[in-house]
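Contents: one structure, followed by commentary.
In what follows, chains are A, B, ... by sequence order, proteins preceding strands, each numbered from 1.
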Protein chains: 2
Amino acid sequence: MKIQLQEPLSKECIQQLRAIKDTMELLSGKWKIQIIGTLLRGGTMRFMELKRTLNGIAPKKLSNDLQELELNKLITRTVKDTKPITVEYSLTKHGKTLDNLIVEIIDWGLNHRKEIIQK
Amino acid sequence: MKIQLQEPLSKECIQQLRAIKDTMELLSGKWKIQIIGTLLRGGTMRFMELKRTLNGIAPKKLSNDLQELELNKLITRTVKDTKPITVEYSLTKHGKTLDNLIVEIIDWGLNHRKEIIQK
DNA sequence: TTTAATAGTTTCCTAAAGGAAATTAGTATC
DNA sequence: GATACTAATTTCCTTTAGGAAACTATTAAA
């Protein structure tokens, strides 16, 4: 019988696991990446514009997700003093840094579908 | 009053949204990326080895997630005919293509933590 | 004055994710 | 014969995610 001693994980490794957790908690769920991707394409958009483009999202969900993304400094929310009030959402500089990651996610997903289906 | 006509999303855009969905469904959850990341570092590993390294995972969860990853051709499961049975898990070639993506996720997460905390 | 658009919030419900603890079954050591 | 290690599976439970529908409040057009 072999007793396997466990080396404790290195600090670097623990940091990396935490980084994965941070990123995935932010991006997990059905809508968040779609919201960010839509804003990447569309620039500044209003609530109803987002709601229409993200076909099928419930207003509660959109509202909640936007709040969470704002808390994390990925988007800004600006209330315009127009006649019927309008609210504009756009990505922050920090939010735009998700561009590369989203491209990777898309590329991997496209390739994965090929891999799974045709073999 | 302006009526905003909606152009239907382009085929390319629909494909991209589907690719995001595919990738995120596969990687979402508390443990899957950690399992893949661990196998990327550790090469071939046994069930109990994984369980010890992924500090805190319930055996049921590990078992379920491994099955799901195997179904998606990201890992292989090999039963060894040893005295107490051993089972080895390792990444497929396809599974290893997640390397880049995971690096991006880690890098973004590290940077995000700086961005949020110190400002 | 009814209708519609603005941007949400509230309530209620279902489904999925995930954890804890016990169990299984084969083999091997004490 | 009791204990322990292998790799799970089973049962039960709580938490979280997310959807549907109704509602609020303001403004403006028909």
Identify, between A:Thr82 and A:Ile57, the residue whose nearest nucleotide on DNA chain D lies closer to the 5' end. A:Ile57
5'-most contact on DNA chain D: A:Lys60 or B:Pro84, nearest heavy atom basis? B:Pro84
Reckon [X] touches a base, only the sugar-phosphate, or nothing at all at heavy-atom distances under 4.0 Å?
X       : value
A:Gln67 : sugar-phosphate
B:Lys51 : nothing
B:Gly56 : nothing

In whole angstrom, give the distance that lies between atom [atom1] of [X] and atom [atom2] of [N].
X       : N      : atom1 : atom2 : answer
A:Leu27 : D:dA17 : CG    : P     : 14 Å
A:Leu66 : D:dG18 : CG    : P     : 14 Å
B:Lys80 : D:dA8  : NZ    : C1'   : 19 Å
A:Asp81 : D:dA28 : CG    : C1'   : 15 Å
B:Asn64 : C:dA17 : CG    : C1'   : 10 Å
B:Arg46 : D:dA7  : CZ    : C1'   : 11 Å
A:Phe47 : C:dT6  : CZ    : C1'   : 10 Å
B:Glu68 : D:dT9  : CD    : P     : 14 Å

Ignoring backbone atoms, test whether [X] places a side-chain nitrogen or oxygen under 4.0 Å from the OP1 or OP2 oxygen of [N].
X       : N      : result
B:Lys30 : C:dG19 : yes
B:Ser63 : D:dT9  : yes
B:Arg77 : D:dA8  : yes
B:Lys61 : C:dG18 : yes

Tell me which of B:Trp31 and A:Glu88 sits closer to the 5' end of DNA chain C, going by the nucleotide each one is nearest to. A:Glu88
Would you mind checking if A:Glu88 and A:Arg77 are paired as a salt bridge, meaning a charged N to carboxylate O distance below 4.0 Å? no
Regarding the side chain of A:Ile85, the nearest nucleotide among D:dA8, C:dG8, C:dA7 is C:dA7
Under 6.0 Å from the CG atom of B:Asn55, do we count more than 12 heavy atoms belonging to anything else shown? no
Pair A:Val87, A:Thr78 - check side chain to side chain contact (heavy atoms under 4.5 Å, CB included), show working. CA-CA 6 Å; A:Val87 183; A:Thr78 315; over 6 Å; no
Modelled atom types, side-chain donor and acceptor of A:Ser90 and A:Thr76, under 3.5 Å: yes
Name the one of B:Leu74, B:Leu66, B:Ile75 that satisfies side-chain contact (heavy atoms from CB on, under 4.5 Å) with B:Ile35? B:Leu66
